[in-house]
Amino acid sequence: MIKYDPKSLKAEEFINDEEIKETLKYADENKDNLELVDKIIEKAKQRKGLSHREASVLLACEDKERIEKMYNLAEQIKKDFYGNRIVMFAPLYLSNYCVNGCLYCPYHSKNKNIPRKKLTQEEVKNEVIALQDMGHKRLAIEAGEDPVNNPIEYILDCIKTIYSIKHKNGAIRRVNVNIAATTVENYRKLKEAGIGTYILFQETYHKESYEYLHPTGPKHNYAYHTEAMDRAMEGGIDDVGIGVLFGLDKYRYEFAGLLMHAEHLEAVHGVGPHTISLPRVKKADDIDPTDFDNSLSDDMFCKIAACIRIAVPYTGMIISTRETPEIREKIIRLGVSQISGGSRTSVGGYCEEERPHDTEQFDVSDNRTLDEVVNWLMRAGYIPSFCTACYREGRTGDRFMSLCKSGQIQNCCHPNALMTLKEFLMDYASPDTKEIGEKLIEKEIDNIPKDSVKDIVRERLVKIENGERDFRF
Ligand code: SAM
């Protein structure tokens, strides 16, 4: 039997099948033990997080009153740590060439239906201009795995191109990277290229399913994939983003695996994941999500988000346009801190008038423009933020976490959100969005705790009106 050890660097020891099964058994045995459930909720109120076992008990609990308490607590924790800010980003698909055989992804190498495409640097530039013209400042670049067509040098060239483009008042100030697991040396190169977060979804923590779902290609190697974040951190990347593709395997197993992964990163590197993404498998070219038969209800999806918020209060949570506006509205309230908007999931999609379908990685369920998403968020009481300050100020890894833990975030992230929203309103917003946004900024200035910071923000807002850009705390 393989022994569970969160400090081990071996995949099967820190994501330990036996421990997950024991956890699920413990959760089943205790889901009606309301005394224990209450104790765990009380512990969660201290905002120091929960273990995967404790969180699994909460996820399994079906008592309506307790679930309501969990939702309220998740909402409160989100307010305490993230305020009412929602950070905006967009994915940028560079290449759909891929040598892997992932059964759920239309980019799998056997799919002959889709045209294969890789952006030239000129095309990257045009995509970035289109994204800047929407108002985006933060991107997540995406690519299939193909050492010949998309080697690390290609990815690095694209990053350089993206950062170099300054179109009108636009700029991409943070590039997050979602590419296949790679070597320490390549992670070091990504770090040197100035990336924000390195994102890699585990897809499933269940080893057997993982191997079945990735029958061919380098991604078949469970250990290499699962240990990628340790190599990324060894290569100097402080901020890593984890996630599973919900729907592939049983959600309870994945939930425990995700939290064990977070505990492992904290135990070994002293800092947990920067973000957790919550993608669900979607229909795509030759992919039918019902083939996987592990889909979860919208209600359970929301409960997972709430339990993650409670279990890892300092970790950002991301929801993409895989979800409908209705689900996004519900789940944002429960703890999501970042969403994408105006996304195109096809290679070269931003330069097309209409959303192209032939190279899409998955069907988008929220088709609104960025302006519409920003408008909707503000009407719902949120501050859409285009802030990228933390990593540019060196507040990554444990430095970001200590800012978060100290509660100082309100003197820093809140004003940054207001100033970057102001930039958006000046440069890209529709008249209606601008009107709502100006009123929101005026109201939200009062929520900056320090008077001295308030004064500086007022001064800077005037400077932004006069054409200056890129202020930050
Ligand atoms: N190729 C890289 C890798 O192997 O990790 C990452 C990039 S891939 C473009 C980004 C993510 O999209 C994958 O990790 C997977 O979770 C998700 N994805 C793939 N097929 C999907 C589908 N049919 N529906 C929803 N998400 C999907």
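Just so it is clear, the structure is predicted and the values come from calculations on it, not from any experiment. Every number for a ligand or one of its atoms is a count from 1 in the order of the listing.
A donor atom on one side chain and an acceptor atom on the other are found under 3.5 Å apart for His52 and Glu19. Between the side chains of His206 and Tyr222, no donor-acceptor pair of N or O atoms lies under 3.5 Å. Asp286 and Asn113 form no side-chain donor-acceptor contact under 3.5 Å, judged by distance and modelled atom types alone. With no hydrogens or angles considered, no side-chain donor-acceptor pair links Ser51 and Arg53 at under 3.5 Å. Side-chain contact of Asn72 with Gln76: a donor-acceptor pair under 3.5 Å is absent, judged by distance alone.
One option in Arg280, Arg322, Gln202, Glu203 has a heavy atom closer to atom 13 (C) of ligand 1 than any other, and that option is Glu203. Ranked by closest heavy atom to atom 4 (O) of ligand 1, the top entry among Lys283, Lys219, Glu360 is Lys219. Of all the listed residues (Cys98, Ala140, Ala143), Ala143 holds the heavy atom that lies closest to atom 2 (C) of ligand 1.
Within the 4.0 Å heavy-atom criterion, both parts of Lys282, backbone and side chain, lie near ligand 1. When non-hydrogen atoms are compared, ligand 1 lies under 4.0 Å from neither the backbone nor the side chain of Asn100. Proximity of Cys105 to ligand 1, defined as any heavy-atom pair under 4.0 Å, is shared by backbone and side chain alike.
With hydrogens left out, the protein atom closest to atom 8 (S) of ligand 1 is Gln361 NE2, 3.4 Å, a heavy atom. Atom 21 (C) of ligand 1 has as its closest protein heavy atom Tyr104 O, 3.9 Å. Nearest protein heavy-atom neighbour of atom 11 (C) of ligand 1: Phe201 CD1, 3.8 Å. The shortest contact between atom 6 (C) of ligand 1 and any protein heavy atom is with Asn178 OD1, 3.4 Å.
A heavy-atom separation below 4.0 Å is found between Ala180 and ligand 1.
Partner of Tyr253 under the side-chain contact (heavy atoms from CB on, under 4.5 Å) criterion, chosen from Asn294, Ile20, Leu258, Val244: Ile20.
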